[in-house]
Amino acid sequence: MNGMELPLVFFTVLGQAAVGMTLIAAMRRHATDSGGPVFAGRNEWLTALIILGVGMAASLFHLGHPTGSPRTLVHLSTSWLSREVLMLGLFGVLLVIGFLTVPQTSGSSVLITLTALVGLAGLIASGLTYAPPSFPALNNGVPVLLFLLTALIMGPAVCSYFTSEDTQALLTGILGTALILGLVMNLILPSVWMSGGRVMQMTGAAHYGSALYWIRLGGEFGVGLAVIAATRRIPVWLPVVLLAGEILGRILFFSKVVHTATNIGGLY
């Protein structure tokens, strides 16, 4: 890391958005006594599949030899990267099955639950992939929590396009809660890092000193919470603002977290 890593930025954010859509769909399925429709129709399955596909296609630009991408699966017993690729690949297959088999008005509770769980497993594997010991600020559960927040922000945001305004209360509630948690976590994290060792202090200082950090806090969390509080719904333009904020946050994740090699010869 320590670079903008745009292919990974789009891969992780878009992949987590697709996972978020299925998590929200599963919640919608089990939040109604009658079971209710999981998706508004095949278009919602297709949208999740396209979002995931664009993200996975973007990830190929991170590879020096994209044609060798299948080799990422050869270390399943030891590599979180291999597990991430496997689980997100299975997640994509389940989205295809959903698109091809789910009727327009309803969906299989078993299928949507399985799809959400596999997607969540892929998200966790992705978070652990980006938590190496060489990045002390991330060598913990922070990446998993950040990625889960992305899913819980982008999931209801995108799903709002497939839900009528008079039935958006559940989505608005989930999104508002996720934005509050995201704001609190992103405000606290740099302070926590500032209380750690030298490399973690450098990470915290890099965030506080970045204009992107403050733009994101105001532009994503500030605007998002203000709009939800004022309107009690998710306007059609808000998911675009939230996506831009998540992309900024992921750029910070890949470019402002300091590697231990940066401090070679320095004092802790």
Side-chain angles (χ1 to χ4, degrees), residues 1-21 50-52 54-59 61-62 123 126-127 129-131 135 137-138 140-161 174-194 200 202-229 234-259 262:
M1 297 193 288
N2 282 140
M4 193 170 292
E5 300 289 359
L6 286 179
L8 296 182
V9 167
F10 288 109
F11 166 60
T12 55
V13 170
L14 294 178
Q16 289 145 29
V19 171
M21 289 183 68
I50 290 174
I51 290 173
L52 177 66
V54 172
M56 295 187 77
S59 71
F61 290 93
H62 177 69
L123 182 151
S126 183
T129 298
Y130 299 108
F135 289 91
L138 301 179
N140 43 51
V142 166
V144 174
L145 292 176
L146 290 175
F147 291 2
L148 181 59
L149 280 171
T150 297
L152 293 178
I153 289 172
M154 293 309 305
V158 179
C159 285
S160 68
Y161 289 127
I174 294 171
L175 178 56
T177 301
L179 286 173
I180 291 172
L181 292 174
L183 176 61
V184 171
M185 186 171 182
N186 281 279
L187 281 171
I188 291 176
L189 263 181
S191 295
V192 173
W193 291 330
M194 293 290 284
M200 292 181 69
M202 294 167 69
T203 296
H207 278 71
Y208 280 143
S210 172
L212 292 182
Y213 171 78
W214 299 105
I215 290 172
R216 186 200 179 198
L217 289 185
E220 179 182 2
F221 300 113
V223 170
L225 287 171
V227 168
I228 288 176
I234 304 173
V236 66
W237 54 267
L238 185 58
V240 178
V241 173
L242 298 179
L243 176 61
E246 288 302 309
I247 290 173
L248 288 181
R250 201 53 47 82
I251 289 174
L252 288 167
F253 178 89
F254 284 112
S255 64
K256 298 300 182 183
V257 178
V258 179
H259 191 283
T262 304

Pair Phe135, Tyr130 - check side-chain contact (heavy atoms from CB on, under 4.5 Å), show working.
CA-CA 9 Å; Phe135 289 91; Tyr130 299 108; over 6 Å; no

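- Between Pro239 and Ser160, the shortest heavy-atom contact is CG-OG, 4.0 Å.
- By the side chain to side chain donor-acceptor pair (under 3.5 Å) test, Tyr208 pairs with Ser191, sequence neighbours left out.
- For the pair Gly224 and Leu238, the tightest heavy-atom approach, listed with the atom from each and the gap, is CA-CD1, 4.0 Å.
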Could you go through residues 140-151 and list every donor-acceptor pair under 3.5 Å that involves a side-chain atom there, pairing it with any protein atom two or more places apart or in another chain?
residue	atom	partner	partner atom	Å
Asn140	OD1	Val142	N	2.9
Asn140	ND2	Ala137	O	3.2
Thr150	OG1	Leu146	O	3.2
Thr150	OG1	Glu246	OE1	2.6
Thr150	OG1	Arg250	NH2	2.7

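- Across every non-hydrogen atom of Tyr161 and Val236, the tightest pair is OH-O, 2.7 Å.
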Evaluate the criterion side-chain contact (heavy atoms from CB on, under 4.5 Å) for residue pair Phe253 and Val13; output intermediate values, then yes/no.
CA-CA 11 Å; Phe253 178 89; Val13 170; over 6 Å; no

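- Pairing each heavy atom of Val241 with each of Gly219, the nearest pair is CG1-O, 3.3 Å.
- Contact detail for Leu242 and Ala157: the closest heavy-atom pair is CD1-CB, 3.9 Å.
- Taken to the nearest 0.5 Å, the CG atom of Leu187 stands 12.0 Å off from the NE2 atom of His207.
- Evaluation of the side chain to side chain contact (heavy atoms under 4.5 Å, CB included) rule for Ser210 yields Leu212, Tyr213, Leu252, Lys256 as partners, not counting sequence neighbours.
- With sequence neighbours excluded, the residues satisfying side chain to side chain contact (heavy atoms under 4.5 Å, CB included) with Val54 are Leu14, Ile50.
- With sequence neighbours excluded, the residues that form a side chain to side chain contact (heavy atoms under 4.5 Å, CB included) with Ile174 are Ile24, Met27, Pro156, Leu170.
- At a threshold of 4.5 Å between non-hydrogen side-chain atoms, the residues Glu220 and Ile215 do not count as touching.
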Show your working on side-chain contact (heavy atoms from CB on, under 4.5 Å) between Thr203 and Leu138 and close with a plain yes or no.
CA-CA 10 Å; Thr203 296; Leu138 301 179; over 6 Å; no

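- To the nearest 0.5 angstrom, Leu183 atom CG is 6.5 Å from Leu217 atom CG.
- The shortest non-hydrogen separation linking Gly245 to Arg216 is O-NE, 3.1 Å.
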Which is it for Met202 and Trp193 under the side-chain contact (heavy atoms from CB on, under 4.5 Å) test, yes or no, and what are the steps along the way?
CA-CA 8 Å; Met202 294 167 69; Trp193 291 330; over 6 Å; no

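- Here CD1 of Ile251 is found 12.0 Å from CG of Leu8. Values are rounded to the nearest 0.5 Å.
- The salt bridge (charged side-chain N to carboxylate O under 4.0 Å, His left out) pairs that include a residue from residues 141-161 number zero, where partners must be two or more places apart or lie in different chains.
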